[in-house]
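Numbers here simply count residues along the sequence, with the first being 1. These numbers come from a predicted model, not from an experiment.
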Amino acid sequence: MRQKRLLPDYIFESSWEVCNKVGGIYTVLSTRAKTLQDAMPDRVVFIGPDFWQDKKNPLFVEDKRLWADWRRSAAKESLGIRIGRWQIPGRPVVVLVDFVPFYAQRNNIYGAAWTDFQVDSLHAYGDYDEASMFSYAAGRVVESFYHFFLNESKRVVYQAHEWMTGLGALYIHKHVPAIATIFTTHATTIGRSIAGNGKPLYDYLFAYNGNQMADELNVQSKHSIERQTAHHVDCFTTVSDVTAHECMELLDKQPDVVLPNGFEMDFVPKGVTFVNRRRKARQRILEVANALMGTTLGDDTLIVSTSGRYEWKNKGIDVYLEALNRTLHDERLERPVLALVEVPAWQAGPRRELQERLEWMKTKGYAEDKPLPDPFITHYLHEPGGDMTCQFIHRCGIANRESSRLKVMFVPCYLDGADGIFNMHYYDLLLGLDLTVYPSYYEPWGYTPLESVAFKVPCVTTTLAGFGLWANEQKKGAKKAANGRVERGSDCYLDVDGVEVVVRSDYNYDEVADSIRDEIIGFSKLSKKEVEIARKAAAALAEKAQWKHFIAYYYEAYDIALRRAESRMAQDSMV
């Protein structure tokens, strides 16, 4: 008979991306927060770095009345903290910690980590010190809170995300052993480094030695804290089966639970609001393109995009652009296509001449018919000559001529609503797309395709993305009719799915580029009815990835961690 699952009374989650929008982990935490906050009001506490200090953080509102007594007590322990609310659905409690004062103790902190857990910090450089001091400070904050408010009668879980928070998890494990510790790696340091350095990852994964590769790739300290944390916490987790296999081979540790990344549909507008925002987004995208290129692209244009971190190979930006180049020269393409590359680069602000043209269009109601110089990029770059997207576009001669059926627009900025050109948030512009392409080579999960289908935008991804494998599993047993098999004439059928998962390996770059080209061309030929079927299929798949479904995996991890912590405490009491 199965034991009743243990549930925590309090959960602390520490991440570099709490109230600090950097990448996918921010989306994991911010979309899941409401689900946990609804279940455990104000007993889920997020801990993040306080970068803003006296400046206003748009994601955080301080509440000096909240736990005021503890804040004063923490100050006596030399802990500089601010307590408030994260401005996301659920508005969970957040503690932001000033970690800078701990730099003075850095050598002693690293020495203790080596003595207690054999964490090698000798080769540390770059962001290792900054992340580790934050991680240590976060551990101290939880220790202080626990002793001020709680005791061993309360079941408490501390979950740390990525190597940047490993030091704090180990500190808690040693100094507050009653707290159950969970460590989640969203991507291994070694796996990302191997892939990012152009080495084949998947065919040779079984042969790589993680410690040896850490030496070769000069990431010894990051690998060390990640590996030792995985081995010492009560429950080790990751986000997909792809990364679970990677952890086993490179960290020598099988994850206890896979925690797939979900999404909260509260972020997606509904009904008339959805329709109006989609219309507004398409209008803005086409306005910018026409002002930039001197064209007259209309609403019949197929708008395609890729987005995410600017990792040229890992995110598949290279193969996406190659596919666009092949699409441009393919005679089968009959419909105008506008392809976006939305990845933040080292940009130097909005192009002034583009801003002037957009103002002209707003006043006159039409665009100029001559393209700007370099009519493919919306913002200035500090070093355009060294930018790989610019290099590719120039090398392939993608000139965005009026006669070209496909045009490319590079948006090298964070879409935060204040970029100077679009002045719209990423999710608001996402609504205006017709198709997205995320041909990742290294993608432990893949939030961008999940976000895409949540906003009813069909997408293309790969078998090397955790989300891609999950999507394939969801579709595997489904009948083709249920996935949108539509008759197009007497002897032609077309399968219309919300997600197309392209097979990708270490060595099939050309095949992937051809597959993406064919998907774009095929999608451009769909009727309005078929497009609507694809959009509904995308939304239906996204519904299965909501946090209300995936949160069960977290409860499994909490149960494992709490039971192991109780077992440790029982053994210690017997010694």
Side-chain angles (χ1 to χ4, degrees), residues 5 7-48 57-63 66-67 82-96 155-161 165 182 184 186 237 239 257 259-271 273-274 277 416-417 425-428 430-431 445-456 467 470 539-559:
R5 184 169 283 172
L7 298 175
D9 297 303
Y10 279 83
I11 298 171
F12 294 91
E13 285 205 52
S14 174
S15 171
W16 191 250
E17 300 193 33
V18 168
C19 293
N20 179 35
K21 198 169 187 177
V22 177
I25 298 176
Y26 180 93
T27 309
V28 176
L29 303 179
S30 63
T31 60
R32 174 168 47 79
K34 184 177 184 300
T35 301
L36 286 177
Q37 174 75 341
D38 288 346
M40 302 173 57
D42 288 356
R43 289 183 289 119
V44 179
V45 181
F46 291 93
I47 304 172
N57 184 338
L59 300 169
F60 173 78
V61 173
E62 187 173 8
D63 183 351
L66 188 59
W67 298 331
R82 290 196 293 156
I83 307 168
R85 301 278 178 180
W86 196 348
Q87 297 307 291
I88 55 175
R91 298 187 75 244
V93 176
V94 167
V95 178
L96 298 184
R155 294 191 178 115
V156 182
V157 164
Y158 181 82
Q159 184 168 7
H161 294 269
T165 56
I182 300 175
T184 303
H186 296 256
T237 68
V239 298
V257 186
L259 305 176
N261 292 330
F263 198 73
E264 175 59 63
M265 298 305 285
D266 284 359
F267 287 77
V268 184
K270 297 175 176 61
T273 303
F274 183 99
R277 289 189 183 178
D416 58 2
H425 289 275
Y426 174 75
Y427 283 162
D428 290 327
L430 177 57
L431 282 164
W445 176 248
Y447 249 118
T448 44
L450 175 52
E451 291 168 334
S452 179
V453 296
F455 282 80
K456 300 182 182 179
F467 175 79
W470 176 83
L541 184 65
E543 199 285 331
K544 298 178 181 178
Q546 289 190 65
W547 278 118
K548 66 181 181 182
H549 304 305
F550 284 173
I551 200 66
Y553 297 103
Y554 279 77
Y555 284 116
E556 182 181 354
Y558 300 152
D559 179 68

*asked:* On a heavy-atom basis, which atom in Ala539 and which in Lys456 lie closest, and how many Å separate them?
replied: CB-CG, 3.8 Å
_Working for side chain to side chain contact (heavy atoms under 4.5 Å, CB included), residues Asn261 and Trp470_ = CA-CA 11 Å; Asn261 292 330; Trp470 176 83; over 6 Å; no
*Could you list the residues that satisfy side-chain contact (heavy atoms from CB on, under 4.5 Å) with Pro269, not counting sequence neighbours?*
Thr273, Phe274, Arg277, Leu431, Phe455
*Among Tyr158, Trp86, Phe60, whose ring pair (Phe, Tyr, Trp, His ring centres under 6.0 Å) with Phe46 holds?*
Trp86
_With rounding to the nearest 0.5 angstrom, report the NZ to OG1 distance, Lys21 to Thr27._
6.5 Å
*Where the side chain of Arg82 meets the backbone of Leu96, is there a donor-acceptor pair that is under 3.5 Å apart?*
no
*Heavy atoms, side chains only, cut-off 4.5 Å: are Val28 and Tyr447 in contact?*
yes
_If I compare all heavy atoms of Arg85 with all of Gln37, which pair ends up nearest, and what's the gap?_
NH1-NE2, 3.8 Å
_Any residue meeting side-chain contact (heavy atoms from CB on, under 4.5 Å) with Leu66, in chain and number order, not counting sequence neighbours_ = Asp63, Ile83, Val93
*Could you check Glu543 against Met265 for side chain to side chain contact (heavy atoms under 4.5 Å, CB included), going step by step and ending with a plain yes or no?*
CA-CA 8 Å; Glu543 199 285 331; Met265 298 305 285; over 6 Å; no
*asked:* Suppose we screen for side chain to side chain donor-acceptor pair (under 3.5 Å). Which residues come up paired with Trp547, at least two apart in sequence or across chains?
replied: Thr31
*asked:* Can you tell me how far apart OG (Ser30) and CD (Glu17) are? Round to the nearest 0.5 Å.
replied: 9.5 Å
*How are the rings of Phe550 and Trp445 set to each other: parallel, tilted or perpendicular (split at 30° and 60°)?*
perpendicular
*Output the distance between atom CD (Gln546) and atom CZ (Phe263), rounded to the nearest 0.5 Å.*
9.5 Å
*Could you walk me through whether Leu36 and Ile551 pass the side chain to side chain contact (heavy atoms under 4.5 Å, CB included) test, one step at a time?*
CA-CA 8 Å; Leu36 286 177; Ile551 200 66; 3.9 Å; yes
_Residue pair Asn20 / Trp16: nearest heavy atoms and the distance that separates them_ = ND2-O, 2.8 Å
*Test item: Glu13 and Val18 side chains (from C-beta on) under 4.5 Å apart, heavy atoms*: no
*Would you say Tyr553 has more than 12 foreign heavy atoms packed within less than 6.0 Å of its OH?*
no
*asked:* Could you check whether any side-chain heavy atom of Leu541 comes within less than 4.5 Å of a side-chain heavy atom of Phe467, counting everything from C-beta outward?
replied: yes
*Leu29 side chain reached by His161 side chain, heavy atoms, under 4.5 Å*: yes
_Using every non-hydrogen atom in the two residues, find where Asp42 and Tyr10 come nearest and quote the distance to one decimal._
O-CE2, 4.4 Å
*Minimum heavy-atom distance Ala557-Thr237, with the two atoms named*: CB-CG2, 4.2 Å
*asked:* side chain to side chain contact (heavy atoms under 4.5 Å, CB included), that's the test. Do Arg32 and Leu259 meet it? Break it down for me.
replied: CA-CA 12 Å; Arg32 174 168 47 79; Leu259 305 176; over 6 Å; no
*Minimum heavy-atom distance Cys19-Asn57, with the two atoms named*: O-ND2, 3.4 Å
*Would you say the side chain of Arg155 lies within less than 4.5 Å of the side chain of Val157, judging by non-hydrogen atoms?*
no
*Do the rings of Tyr555 and Tyr558 sit parallel, tilted or perpendicular, given the 30° and 60° boundaries?*
perpendicular
*Considering only heavy atoms from C-beta outward, does the side chain of Lys548 approach that of Thr35 to under 4.5 Å?*
no
